[in-house]
Amino acid sequence: MSTTGATADPLAALGNLPGVADSVESVRKAVDRVYGHRVMRRRSNEITSEAALRGARGSAALSGADWALEEVRRRSDFSGDDEARTMGAALRLTAEAGQLLSIWRQSPLRVLARLHLVAAADKAEHVGRPRRAGEPVDEPLIDLPLPGAAEMHGRLEGLAGIVIAGGSAPALVTAAVVHGELLALRPFTSHNGLVARTAERIVLVGSGLDPKSVCPAEVGHAELGQDAYLEALRGYLSGTPEGVAAWIAHCGRAVGLGARESTAVCEALQRGAA
């Protein structure tokens, strides 16, 4: 889907697609349930920390490192192999996201570059900047047509312009479009899935929908599964109203499942079991 267009607020119309309003309302109710839990009033920092860990685990799973949560807790070295490095990148990104909230609306491209630098964790020449013509992309689990560098740069600038301009679109819609566009464009030579899901988190938190970052959509995306994730993404890439609405609804279900996960954590803390 192209995010460029003649309207001043090109995302606002997406809120009127069939089923999108229902998804937005469902997400709001799910988030409200977590924030209304009595444990959140006393131990919100613990819920935030746990949500960050579970969100990182979920994002890494969608990038090929599907580890048990207890294994993520136990490990301190994430440099051993490709899966370990993917998990380490997901954890670093989750930690970094909170530091970039104030910059996102002013300079989203700067934030994306920083996220890639953090994920890649090396000083290679291609790290921390969008790919150039002829540079390959290492994203084997996203088997979709890859836009050329010129198209990618143009659409990335368009997406940044929309973020900077703001608008009246619901947070879920904006987060889903940012997530979908970054997966579609794969602007970096690696770690695009991890960066895209972190950007979705930044939008959800920065918008005020989930200000304490306790509803990790990454958990829901992982629970819904890689096949459903890619199928919904293909719908987004089709550009049809039905396909875009299905992607937004998929992202809404993911946020709802993340909220459910944190509600379960609240319940466990209330029982003294966690």
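The model shown is predicted, which means the values in this text are computed figures rather than measured ones.
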Problem - Derivation of the side-chain contact (heavy atoms from CB on, under 4.5 Å) call for L14 and V177 - result: CA-CA 10 Å; L14 300 183; V177 169; 3.6 Å; yes
Completion exercise
Interatomic distance, CZ@R114 vs OG@S107, rounded to 0.5 Å, equals 13.5 Å
Practice task
Report whether V219 and I202 are members of the same hydrophobic cluster (ILVMFWY, side-chain heavy atoms less than 4.5 Å apart, transitive linking).
Solution key: no
Practice task
Say whether V265 and L53 are linked into one hydrophobic cluster, either directly or through other cluster members, by side-chain heavy-atom distances under 4.5 angstrom.
Solution key: no
Exercise for the section: Please test V137 against L146 for side-chain contact (heavy atoms from CB on, under 4.5 Å), starting from the C-alpha separation and ending with a verdict. Expected result: CA-CA 9 Å; V137 173; L146 183 69; 3.7 Å; yes
Practice task
Check whether any side-chain heavy atom of T198 lies under 4.5 Å from a side-chain heavy atom of T94, and answer yes or no.
Solution key: no
Exercise for the section: For atom CG of D122, decide whether the heavy atoms of other residues, nucleotides or ligands shown that lie under 6.0 angstrom number more than 12. Expected result: yes
Problem - CD on Q270 to CZ on R43, rounded to 0.5 Å - result: 10.0 Å
Practice task
Give, for atom CZ of R110 and atom CD1 of I103, the distance between the pair rounded to the nearest 0.5 Å.
Solution key: 4.5 Å
Problem - Side chain proximity check, H179 to W247, heavy atoms < 4.5 angstrom - result: yes
Practice task
Classify the side-chain pair S63/H191 by whether it contains a donor and acceptor separated by less than 3.5 Å.
Solution key: no
Handout entry: No-hydrogen, no-angle side-chain donor-acceptor test under 3.5 Å, R131 and T189
Key = no
Problem - Whether E261 side chain and G220 backbone form a donor-acceptor pair below 3.5 Å - result: no
Problem - F78-L115 co-clustered via ILVMFWY side chain contacts under 4.5 Å - result: no
Problem - Transitive ILVMFWY side-chain link L144 to Y229, under 4.5 Å - result: yes
Problem - Straight-line distance of L62 CG to R57 CZ, nearest 0.5 Å - result: 9.0 Å
Exercise for the section: Can you see which heavy atom on S44 is nearest to which on M40, and at what distance? Expected result: CB-O, 3.2 Å
Exercise for the section: Could you give me the CA-CA distance, side-chain angles and deciding distance for V127 and F188, then say whether side-chain contact (heavy atoms from CB on, under 4.5 Å) is met? Expected result: CA-CA 8 Å; V127 167; F188 302 108; over 6 Å; no
Handout entry: Electrostatic pair R54-E223, nearest N-O below 4.0 angstrom
Key = no
Completion exercise
Separation between CG (L194) and CG (L91), nearest 0.5 Å, reads 10.0 Å
Counting only pairs under 3.5 Å, give me each side-chain donor-acceptor contact of residues 208-218, with atom names and distances, residues two or more places apart or in other chains.
from : atom 1 : to   : atom 2 : distance (Å)
D210 : OD1    : Y35  : OH     : 2.6
D210 : OD1    : S213 : N      : 3.3
D210 : OD1    : V214 : N      : 2.9
D210 : OD2    : V214 : N      : 3.1
D210 : OD2    : C215 : N      : 2.9
S213 : OG     : R201 : NH1    : 2.5
E218 : OE1    : R201 : NH2    : 3.3
E218 : OE2    : R201 : NE     : 2.9
E218 : OE2    : R201 : NH2    : 3.3

Problem - Closest non-hydrogen atom pair between G36 and R41, with its separation - result: O-NH1, 3.5 Å
Handout entry: Hydrophobic cluster membership, L93 vs M87, 4.5 Å side-chain cutoff
Key = no
Problem - Gap separating the OG atom of S238 from the CG atom of L233, nearest 0.5 angstrom - result: 10.0 Å
Got a list of side-chain donor-acceptor pairs under 3.5 Å for residues 22-32, not counting sequence neighbours?
from : atom 1 : to  : atom 2 : distance (Å)
S23  : OG     : G19 : O      : 3.3
R28  : NH1    : D32 : OD1    : 3.4

Exercise for the section: Evaluate the side-chain proximity of I47 to V39: yes if any heavy-atom separation is below 4.5 Å, no if none is. Expected result: yes
Handout entry: Validation row: V203, L172 side chains within 4.5 angstrom (heavy atoms)
Key = no
Handout entry: side-chain contact (heavy atoms from CB on, under 4.5 Å) evaluation trace for R42 with H37
Key = CA-CA 10 Å; R42 297 179 286 109; H37 199 286; over 6 Å; no
Practice task
Would you mind reporting whether L69 and E50 have side-chain heavy atoms less than 4.5 Å apart?
Solution key: yes
Handout entry: Test: E71 and R74 ion pair at under 4.0 Å
Key = yes
Practice task
Taking all non-hydrogen atoms of both residues into account, name the closest pair between L101 and G206 and its distance.
Solution key: CD2-N, 3.9 Å
Handout entry: Within-4.5 Å side-chain heavy-atom neighbours: L224 and L257
Key = yes
Practice task
Could you tell me whether the side chain of R186 and the main chain of N192 form a donor-acceptor pair under 3.5 Å?
Solution key: no
Practice task
Provide the closest heavy-atom pair for A184 versus R155 in the form atom of the first, atom of the second, distance.
Solution key: CB-NH2, 4.1 Å
Exercise for the section: Side-chain contact test, heavy atoms from C-beta onward, threshold under 4.5 Å: evaluate it for T86 versus W67 and give yes or no. Expected result: no
Completion exercise
In short, A246 meets R253 closest at the heavy-atom pair O-NH2, 4.5 Å
Problem - Under-4.0 Å salt bridge between R73 and E70 - result: yes
Practice task
Ignoring hydrogens and angles, tell me if any N or O in the side chain of E135 forms a donor-acceptor pair with the backbone of R132 under 3.5 Å.
Solution key: yes
Problem - pair L159-L182: side-chain heavy atoms closer than 4.5 Å - result: yes
Completion exercise
Nearest heavy-atom contact between L109 and A160 is CG-CB, 3.7 Å
Handout entry: Residues which pass ring pair (Phe, Tyr, Trp, His ring centres under 6.0 Å) with H250, listed by chain and number, not counting sequence neighbours
Key = H221
Problem - Residues S190, H126; criterion side chain to side chain donor-acceptor pair (under 3.5 Å); working and verdict - result: CA-CA 10 Å; S190 64; H126 59 270; 5.4 Å; no
